[in-house]
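Counting from 1, the numbers follow the sequence of the chain as shown. Because only heavy atoms are used, hydrogens play no part in the values below, and waters and symmetry mates are left out as well, while side chains stay in.
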Amino acid sequence: MHAYSKLLVEAWTDPSFKNLLESNPTAVAKNVGLNPGKGTVTIEPGSGAPDVSAQIAAWKEGATTGKYILYVPSQPQLGVQSSGDTVGDTSYCCCCCPCCTCT
């Protein structure tokens, strides 16, 4: 679970890592600690990717088939509900320095 989370965050924040993941998913999976053994890894992109429990089930199935599916959903948009509406008021200050509006 940790290795999968690390892979997702890296793919979401580093374009060169994402390109490498897309071009050689088996090697990248091995490098982050997801060991497909002698199997192959394919990427399943998109925002409709299943939740983490589905990813775990797909990975376990790969141990039997030798074909591992790695779900890489689109980067989540924090502060936005799935309907696209903004969640609450995000105009608050989070650092409390003298330049902020909260002092």
Exercise. So, does T26 use its side chain to make a donor-acceptor pair with the main chain of V41 at under 3.5 Å?
Worked result: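 Yes: the side chain of T26 pairs with the backbone of V41.
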
For this session: Please confirm whether the backbone N or O of Y71 pairs with a side-chain atom of Y4, one donor and one acceptor, at under 3.5 Å?
Result: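 Pair found, side chain donor or acceptor close to backbone of Y71.
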
Problem set entry | Note, Y68 side chain near L34 side chain (heavy atom, < 4.5 Å) |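 Counting from C-beta outward, Y68 and L34 never come under 4.5 Å.
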
Exercise. Would a 4.5 Å heavy-atom cut-off, applied to side chains only, mark L21 and I43 as touching?
Worked result: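 Yes - at least one pair of side-chain heavy atoms lies under 4.5 Å apart.
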
Validation: residues 5-15 side-chain donor-acceptor distances under 3.5 Å, sequence neighbours left out:
| from | atom 1 | to | atom 2 | distance (Å) |
| --- | --- | --- | --- | --- |
| S5 | OG | M1 | O | 3.0 |
| W12 | NE1 | P73 | O | 2.9 |
| T13 | OG1 | V9 | O | 2.8 |
| D14 | OD1 | S16 | N | 3.1 |
| D14 | OD1 | S16 | OG | 2.7 |
| D14 | OD1 | F17 | N | 3.4 |

For this session: Only counting residues at least two apart or in another chain, list the ones meeting side chain to side chain contact (heavy atoms under 4.5 Å, CB included) with K67.
Result: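 Checked K67 against side chain to side chain contact (heavy atoms under 4.5 Å, CB included); matches are T40, T65.
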
Exercise. How would you list, by chain and number, every residue that makes a side chain to side chain contact (heavy atoms under 4.5 Å, CB included) with N19, sequence neighbours excluded?
Worked result: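 Expected list: E22.
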
For this session: For residues A3 and G33, report the shortest heavy-atom separation together with the two atoms involved.
Result: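 Closest heavy-atom pair between A3 and G33: CB-C, 4.1 Å.
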
For this session: Taking all heavy atoms of E44 and all of I69, pick out the closest pair and write down the distance.
Result: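 Heavy-atom minimum between the residues: CB-CG2, 3.8 Å.
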
